[in-house]
Amino acid sequence: MNETAFAPSRCIIDLAALQRNFVRLGDPASLMPVIKNDAYGHGLLPVARALAKAGARRFAVGTPGEGAVLRQAGLRQEIVPLLGGMTPEDWRAATAHSLLPLLADGEDLKKALACARHDSSLRLGIKCETGMNRLGFRREDIPDLVDYLRAHPCLEPILALSHLACADMPEENACSQSQIRAFTAICESLRSSWPSMERSLANSAGLLGLPESRFDVSRPGIALYGGNPFAGGGSENSGAGLEWCMSVSAPVIGVRRLQAGQSVSYGRAFTAPAGMTLAVIAAGYATGVARALSGGMEVLLHGRRVPQVGRVCMGMLMADVTALPRTRPSDTAWLLGGPAEPGVAPVSAQETADRLGTIPYEILCRMGALNTRTYTS
Ligand SMILES: *Cc1c(COP(=O)(O)O)cnc(C)c1O
């Protein structure tokens, strides 16, 4: 979306806020910031460069392709592609770019072996199944895995990794504790052969809420971008001191009076109860504003919140600016973030997600993918 600006809305990424979040999360040596899926919509390369400046020593990306982009830009950190399901081409790309690929099953062992060279060993990680039941080696698979790896010293495992299913849910603590125990047991058997193998389990919620899940390396994602993993369900808790990095603006492209009884937008879903003033804003579902939010969201204009009314269109939405009579075309409206008057909270990705019945991750990915991004630092 960044080559050609089809829409006038903008996604503004505050890289200084990203760096402050990263520093707040702990010692860079113990962190592997997660920048998969274009850094949750914030932009892979600008985010990686900003984190590198803040001291990041490793990155977790989604695919080997994302890792290759980082290498081609000259970044030399350890890079772990998380996704799994790697094809033989993915394995070749991962080794060609000196990434740290993850073994997730027996097929991967064969693909890895096909890439290993005789003169140097292939460093890799092991994806362990402890409760997500998606990918990875289960505890009962470990003895065979160890035998295979010991028989093939060209494969050098240096990292064990697993993923928590409900670290953001204090009421599911028993599940997290059982994952921590399973991971501990798997790592013990691996480390009896490779004592310096590093262990990584915690995501943002684990890092912030379950110190016993931190092991050697934590993998924060959403917290880097300002999300509080425990904030779901409406309570905007900024207890961790994190700041949102993404704001989204769109220009006002028209202002008009509506008489009592006149409707606005498709389906006549909103009818003015009395005379009112509407601002037409150049943002819509094609630029990431979910149509399901129609009539159930607010935007920030002149530092104040105003209600959106009527159906959200593909590239436009309307807001009631009766209370802001100085609103004019080319004023800037904010769908996320933006400058707010004292006592007014900007609209956050958490609030938007709560209204929509989803999580802020989805809001950030969508807004970042569908709007032209600009950066401040
Ligand atoms: C996405 C992801 C993370 C980061 O999770 P957050 O909840 O965003 O902190 C960590 N580990 C793995 C394997 C992931 O896929």
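Numbers for residues simply follow the sequence, beginning at 1. All ligand and atom numbering here is 1-based and tracks the order in the structure. Since the structure is predicted, the reported quantities are computational estimates derived from the model, not experimental observations.
Listed by chain and residue number, R58 satisfy the side chain to side chain donor-acceptor pair (under 3.5 Å) test with E198 (two or more places apart in sequence, or in another chain).
In this structure, the side chain of T374 does not engage the main chain of I12 through any donor-acceptor pair within 3.5 Å.
Ring to ring, Y225 and Y361 are not that close: their centroids are 6.0 angstrom or more apart.
For M314, the CE atom sits in a loose shell: 12 or fewer heavy atoms of surrounding residues, nucleotides or ligands are nearer than 6.0 Å.
Looking only at side-chain heavy atoms (C-beta outward), V61 and V80 stay at 4.5 Å or farther from each other.
The two residues A29 and R57 have their closest heavy-atom pair at CB-NH1, 3.4 Å.
Using a 4.0 Å heavy-atom criterion, the residues that approach ligand 1 are V34, K36, Y40, L82, H163, N203, S204, R219, P220, G221, I222, Y361.
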